[in-house]
Amino acid sequence: MQPHSPTPFGDTRDFHSAFAELYPRLVSYGRRYGATYPEDIAQEAFVILMQREEPVEHPTAFLYGTVRTLSLTERRPMKNQNLSLESVMEPGRNADAEDHLLNREVRERMRTLSPTFREALWLFVVEGLSIREIAEILSIPEATVKTRIHRAKAQLRDQLNPGGAHVLV
Amino acid sequence: MSWSDPARRFEPAEDRALREELAELLGAPASRNFFGVEPTPELTALADKLRAEADRRRHTSRKRPAWMLMAAALPFLLAVAGVASWGVQQKRRADEAHLRALQAAQEAQAQAESARRSTQEASRSEMQRDREDPRSPVRLARQGSKPGGKVRNPDAELVLPVDHPLQTPGLETRQVKAQGQPQK
C-alpha cells in the first residue's frame, strides 16, 4: 500500500514545485473563462484539493476542473452563456495582454476552430495535459477527447491547405 | 513518488507525437518543461498559506455524527413503520373477511343444493307412489286422456246416485196485452 503523502503532490518540496508550476497556469485558465478574480479561484481550487480527505487520482485535472467550474459559476449571473474558451480570443480581454505563450497568429488559428474542439486542443497542446486528464476536466470519455483533438487537427490542416484533401488520422 | 517524476505523468508516445504535431500546426512553442519551474519565495509562501487554510478548514468543518443523523431520521422511520404495520393489518383483515364471505357463499350453495336434491327426491317418490297406486287420480286421468284408449273403465266414471227421476216442469205461460190495445 502506498504511504499517505502530506499533500496530493507528494512531500512539501514537491507541493511547492507543483504550486509554482500550476498556479500561474490556473490563474490564466480561469481568466480565459472570464473569471473576474481568477487568482482567488485558483487559490480556492488548491484549498479544495488539499481539504479533501480522500486522495485524488489526477490532482492537476482536479485543479483545472475546479477552476473551470468556479469560473463558470462566477459568471453564472450573466445567464445563458454556454461558455468555453471562445471568450478567450475576443479582443480587448486582459488574457491577450497577459498571454505570453501564444502569439497573434496562433490565437487567430485557434479562434477559427469551433469552441468544442478549441477547448480540447487548448488543454492538450497549450496546457500540456494528457488525454485522460482532459477527459476528467471536461467530464467526457477519453475517446471523445481524442475525436475532438483529431477534428481540430483536421480543421487546422484545412486552414493551412484550403481546398487540399486531407486524411483524418 | 516525486511530483517531477516522469512516471507520474506517463503518456503514450503517440499522444506526445500528436501534441508536437499540433503545436507545429498552430505555430505554438513545442513542448514546455512543466516540471522545471523553480518556486519563488512568494509562491512558496502562498502555497504554505493555502495549505494551512486547507488544514484549518478540514479541522473546523463541522461533521455531524452518525447518531445525530439517525436521531433526525427516527421520526420519519417510525412514521413509515407505523403506516406499514397498519397496512399489513388492514390487508390481513381484508383477507379474513374475504375468506369468511367465501365460506358463507359455499355453505349457502351447499344448502341450496341439498334442498334441491330433497325436493327432487320427494317428487320422485311421489311419482313412484302414483305409479304404483291404481286408484290414483293422476294415473286415472292419464289413462283417460290416452288418445288411443277405446275401452273406458267404468270405475273411472264419477257416478252420482239420484233418488228421483228428473222431471222437467211444464212452462206456465200467460198472454199479456200491451196498453191501449182492446181486449178480446
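Chain naming here is simple, since letters A, B, ... match the order of the sequence lines and numbering starts at 1 in each.
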Checklist entry - Heavy-atom distance under 4.5 Å to chain A: side chain of B/E42, backbone, both or neither? => result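 Contact with chain A is absent: no heavy atom of B/E42 under 4.5 Å.
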
Checklist entry - Only one of B/R51, B/R57, B/K49 forms a salt bridge (charged side-chain N to carboxylate O under 4.0 Å, His left out) with B/E53, so which one is it? => result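 Of the listed residues B/R51, B/R57, B/K49, the salt bridge (charged side-chain N to carboxylate O under 4.0 Å, His left out) partner of B/E53 is B/R57.
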
Next on the checklist: Heavy-atom pairs under 4.5 Å with chain A: which of B/T40, B/T44, B/D55 has the most?
Outcome noted: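 If we count pairs closer than 4.5 Å to chain A, B/T44 comes out on top.
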
Item to check | Parallel, tilted or perpendicular, as decided by the 30° and 60° cut-offs, for the rings of A/F46 and A/F9 | outcome: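 Aromatic pair A/F9/A/F46 classed tilted.
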
Checklist entry - In terms of the angle between their ring planes, are A/F19 and A/F15 parallel, tilted or perpendicular, with boundaries placed at 30° and 60°? => result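 Tilted: the ring planes of A/F19 and A/F15 meet at 30° to 60°.
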
Checklist entry - Heavy-atom distance under 4.5 Å to chain B: side chain of A/L49, backbone, both or neither? => result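 For A/L49, no heavy atom lies under 4.5 Å from chain B.
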
Next on the checklist: Need one label for A/Y23: side chain, backbone, both or neither, based on atoms under 4.5 Å from any heavy atom in chain B.
Outcome noted: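 Just the side chain, heavy atoms under 4.5 Å.
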
Checklist entry - Do you know which two heavy atoms are closest between A/L26 and A/A42, and how far apart they sit? => result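 Where A/L26 meets A/A42 most closely, the heavy atoms are CB-CB, 3.9 Å.
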
